[in-house]
Asker: 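To start, I am sharing the structure in question, which I have written as structure tokens.
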Amino acid sequence: MAGVDLSSAEEGLKAWLAQRFHGTMHYMQRHGLRRARPAELLPGTLSVINARMDYLPRHAADDWQAVEWQRLKDPQQATVSVYARGRDYHKVLRARLQALADRLAAEVGPHGARVFTDSGPVLEVELAVRSGLGWRGKHTLALQREGGSMFFLGEIYVDLALPPTPPTETHCGRCTACIDVCPTQAIVAPYRLDARRCISYLTIEHEGAIPEALRPLLGNRIYGCDDCQLACPWNKYAQRSTLPDFDARAPLDGATLLQLWAWDEAEFLRRTEGSAIRRIGHARWQRNLAVALGNALRVAPDAEIESALCQRLPAADELLAEHIAWALRQLSSAPTAPPATAAG
Ligand code: SF4
Ligand code: SF4
């Protein structure tokens, strides 16, 4: 439980917005300080109940981090962020939070309550940290000793004065693994993220062209990025979900870029039904894939990839055509095969 006076977080939020670190997430600017003022968002709110839900799939291997690092090394594989491989977490978490809110109402009588999960102008990590659900890591996510950071957050705003639960100590110490590993140096200082450089933002939230200078750094990441969490030593304690909802759906756990590139819009919509991925739409999905295919071509020329990109070009809209053209240009940076010698 956390109280609603987040005024000490307002300066940081203002500075973050002033530096335009939110990129094209204009709603963040629009919501301004309302995110730090729960009682303005929902008048009468006195407390916030904070909850976490682990999302590591039930059958994740013991060495799941090593498996993920390996996937990132294969340029023709498609990497989708672990949290997005199963059912849309908004639906799962929201239903559970609502059930919790209903049970609370049954216990204490009718009261004002509203549930959020990444679904409104809510300072989620700040509230979670204040309520003792974890501490803020240098990558800006909440994490805890018993569960790492592979969990979703959700909140119930209530007009009940509940006793706040105490915050926990922080345990990042001198570690900087998340900062050092970030492919785009998006963590510009401990606890400070420039979303404009973050691959999660670029592949999910960002509309329009992906900045050219950052494209090579995306590698084969086509939806989100887990690197800062994979590198975090506390994630060896990440808990597996008890729910089947977050089990990876085929083919999102093991598809090649070319398999996903072959999806037309109807197939994209069918395959991503009930998944958070559907929210980005087919156009952004293809844009991301074009970048990843270009990155694969730069590592090694591949006639199949080249032909698949060329085939899509005539019908592509301006944005996609530009990304395809960029991808094809990566061939000029690809290593050339050494000339065959007489000895073979
Ligand atoms: S999600 Fe990826 S790009 Fe974003 S901060 Fe973490 S490591 Fe960097
Ligand atoms: S990688 Fe290190 S610095 Fe980053 S969140 Fe984890 S413990 Fe903290």
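Every number for a ligand or one of its atoms is a count from 1 in the order of the listing.
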Asker: Could you tell me, atom by atom, which parts of ligand 1 come under 4.0 Å of a heavy atom of P183?
Answerer: 7 (S)
Asker: If you count the atoms of ligand 1 from 1 in the order shown, which ones are under 4.0 Å from a heavy atom of T184?
Answerer: 3 (S)
Asker: Establish, for the pair R312 and W261, whether the NZ or CZ atom is under 6.0 angstrom from the six-membered ring centre and no further than 45 degrees off its axis.
Answerer: yes
Asker: Near Y237 OH, under 6.0 Å, is it more than 12 heavy atoms from other residues, nucleotides or ligands?
Answerer: no
Asker: Between the side chain of D54 and the main-chain N/O of L56, is any donor-acceptor distance below 3.5 Å?
Answerer: no
Asker: Can you name the atoms of ligand 1, numbered from 1 with element, that are less than 4.0 Å from a heavy atom of D227?
Answerer: 7 (S)
Asker: Can you check whether I199 reaches P183 side chain to side chain, under 4.5 Å on heavy atoms?
Answerer: yes
Asker: Does some side-chain heavy atom of R37 sit less than 4.5 Å from a side-chain heavy atom of P121?
Answerer: no
Asker: Flag the pair F246 / F152 as yes when their ring centroid distance falls below 6.0 Å, and as no otherwise.
Answerer: yes
Asker: Looking at I199, which atoms of ligand 1 are within less than 4.0 Å of one of its heavy atoms?
Answerer: 3 (S), 4 (Fe)
Asker: Given the rule that I, L, V, M, F, W and Y join up when any side-chain heavy atoms are under 4.5 Å apart, are F116 and V125 in one cluster?
Answerer: no
Asker: Quick check: Y83 with Y89 (ring centres under 6.0 Å apart)?
Answerer: yes
Asker: Any atoms of ligand 1 less than 4.0 Å from a non-hydrogen atom of L193? List them with their elements.
Answerer: 5 (S)
Asker: Compile the protein residues with any heavy atom at a distance under 4.0 Å from an atom of ligand 2; present them by chain, then by number.
Answerer: G137, K138, H139, C172, C175, A177, C178, C232, P233, W234
